[in-house]
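Nothing fancy with the numbering, it's 1 onward along the sequence.
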Amino acid sequence: MTNALLDETMKASDIAAYLREHPDFLSDYPELANVLTMPREQGAVASLAAYQLQTLRDKNAELERRFSELTEIAAQNERLMHRVHDLNVAVLRANTPAIAARSVVVKLREDFATDQVRLVLFGNLTLPPAEWLMHEPGGRADMPEFADFLAHHEPISGRLSAERLYRLFGQQAPDIRSAAVMPLGEYGLLAIGSRDADHFQPGMGTMFLKMISATVTASLARLQDGA
């Protein structure tokens, strides 16, 4: 029956001969080891059984490694969620928008381990002077370095260009190795920077950045309404 399934020009003995000449065949096609039918006898096939067992062990080890990674990511996300919640509570407790803004800056520095924070306000929005505060009366037109970012309304994170870093952090720009920037609608933008090049990476924590952005935007809406 086996021979009937073979090509007319090939015999089972030809395949056997080929495998004898290429003992490392399964190294190139490891998936075959999991579908071959083995006779229940001792001898050379015992090594194939051991190979299959080792393959299963390797797969289990890889699954355990991935599960451990997912568990750690879940734990990190839980910690981030608590920090975002604490930030929201701090903003809600603030009596004025100015206090709310300072609360955000303090939380971002302490709870999120950032080295620099910049709140950029557009238009006529004003807050008391602070080293972390920038006013851009001309709005988006005054920040051409971020024109594409402001047009897409999505947070960005990772290693920014030197031009963008200097625009945000000025003389501290050379110390900032990675950063995250969040749009604040019509009100401006919020930037946080770190000396650690891997602290902010592309795509990481986008959901949490959006949550922070929403909290600060709501606070700035109160400022515009004169609350």
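Here the shortest heavy-atom pairing between G193 and I176 reads CA-CG2, 3.9 Å. In terms of heavy-atom proximity, H153 sits nearest to A151 at CD2-O, 3.3 Å. Residues E154 and F149 come closest through the heavy atom pair O-CE1, 3.0 Å. Smallest separation of non-hydrogen atoms from A101 and L127: CB-CD1, 3.7 Å. The minimum heavy-atom distance linking T217 with P183 is given by the pair OG1-O, 4.3 Å.
Atom CG of N60 is surrounded by more than 12 heavy atoms from other residues, nucleotides or ligands within 6.0 Å. By the 6.0 Å contact criterion, CD on E62 is enclosed, its count of non-hydrogen atoms from other residues, nucleotides or ligands being greater than 12.
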M143 and L168: CA distance, side-chain angles, deciding distance, side chain to side chain contact (heavy atoms under 4.5 Å, CB included) verdict: CA-CA 10 Å; M143 302 194 75; L168 291 171; 4.3 Å; yes

Go through it in stages, so that I can follow the logic: the residues are L184 and S213, the test is side chain to side chain contact (heavy atoms under 4.5 Å, CB included), and I'd like the CA-CA distance, side-chain angles, deciding distance and then a yes or no. CA-CA 6 Å; L184 303 175; S213 174; 3.8 Å; yes

Test side chain to side chain contact (heavy atoms under 4.5 Å, CB included) on L119 and L121 and set out the steps. CA-CA 6 Å; L119 174 60; L121 297 182; 4.0 Å; yes

Do R159 and Q201 pass the side chain to side chain contact (heavy atoms under 4.5 Å, CB included) test, and can you show the C-alpha distance, the side-chain angles, and the key distance before you say yes or no? CA-CA 7 Å; R159 302 182 186 185; Q201 298 179 11; over 6 Å; no

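Salt bridge R167/E136: present, at least one basic N to carboxylate O contact under 4.0 Å. Ionic pairing of R164 and E145 is not present here: no N-O contact between side-chain nitrogen and carboxylate oxygen is shorter than 4.0 angstrom. Checked for salt-bridge contact, E72 and R65 miss the test: no charged N lies under 4.0 Å from a carboxylate O.
Taken from CG in L165 to OG in S178, the straight-line distance is 9.5 Å, to the nearest 0.5 Å. To the nearest 0.5 Å, the span separating NZ on K59 from CD on E64 amounts to 15.0 Å. Of the inter-residue distances, the one linking D142 atom CG with R140 atom CZ reads 12.5 Å to the nearest 0.5 angstrom. Taking CZ of R83 as the reference point, atom CG of D86 lies at 9.5 Å (rounded to 0.5 Å). To the nearest 0.5 Å, the span separating OG1 on T114 from CZ on F200 amounts to 6.0 Å. The CZ atom of R66 lies 7.5 Å from the CG atom of L70; values are rounded to the nearest 0.5 Å.
Under the 3.5 Å distance criterion, the side-chain polar atoms of R118 are left unmatched by any main-chain donor or acceptor of W132. Panel note: side chain S219, backbone T215; no donor-acceptor pair is recorded below 3.5 Å.
Under the side-chain hydrogen bond (donor to acceptor under 3.5 Å, both in side chains) criterion, the residue pairs touching residues 182-195 are D115-R195, Y187-Q224, with sequence neighbours excluded.
Residues L160 and V117 are members of separate hydrophobic clusters, defined by side-chain heavy-atom contacts under 4.5 angstrom among Ile, Leu, Val, Met, Phe, Trp and Tyr. In the hydrophobic cluster analysis, where Ile, Leu, Val, Met, Phe, Trp and Tyr join through side-chain heavy atoms closer than 4.5 angstrom, M81 is grouped together with V91. Under the 4.5 Å side-chain heavy-atom criterion for grouping Ile, Leu, Val, Met, Phe, Trp and Tyr, L133 is connected to L87 within one hydrophobic cluster. Residues I156 and F112 are members of separate hydrophobic clusters, defined by side-chain heavy-atom contacts under 4.5 angstrom among Ile, Leu, Val, Met, Phe, Trp and Tyr. The hydrophobic clustering, which links ILVMFWY residues whose side-chain heavy atoms are closer than 4.5 Å, places Y166 and V120 apart.
With sequence neighbours excluded, the residues satisfying ring pair (Phe, Tyr, Trp, His ring centres under 6.0 Å) with H22 are Y18. With sequence neighbours left out, S103 forms a side chain to side chain contact (heavy atoms under 4.5 Å, CB included) with A90, I99.
Considering only heavy atoms from C-beta on, D175 stays 4.5 Å or farther from F169 through its side chain. D111 has its side chain out of reach of V106: every pair of non-hydrogen atoms, C-beta onward, lies at least 4.5 Å apart. For the pair M182 and I212, the minimum side-chain heavy-atom distance is below 4.5 Å. Considering only heavy atoms from C-beta on, R177 stays 4.5 Å or farther from D196 through its side chain.
Under the side chain to side chain contact (heavy atoms under 4.5 Å, CB included) test applied with L190, the options L108, V181, V105, L220 reduce to a single match, L108.
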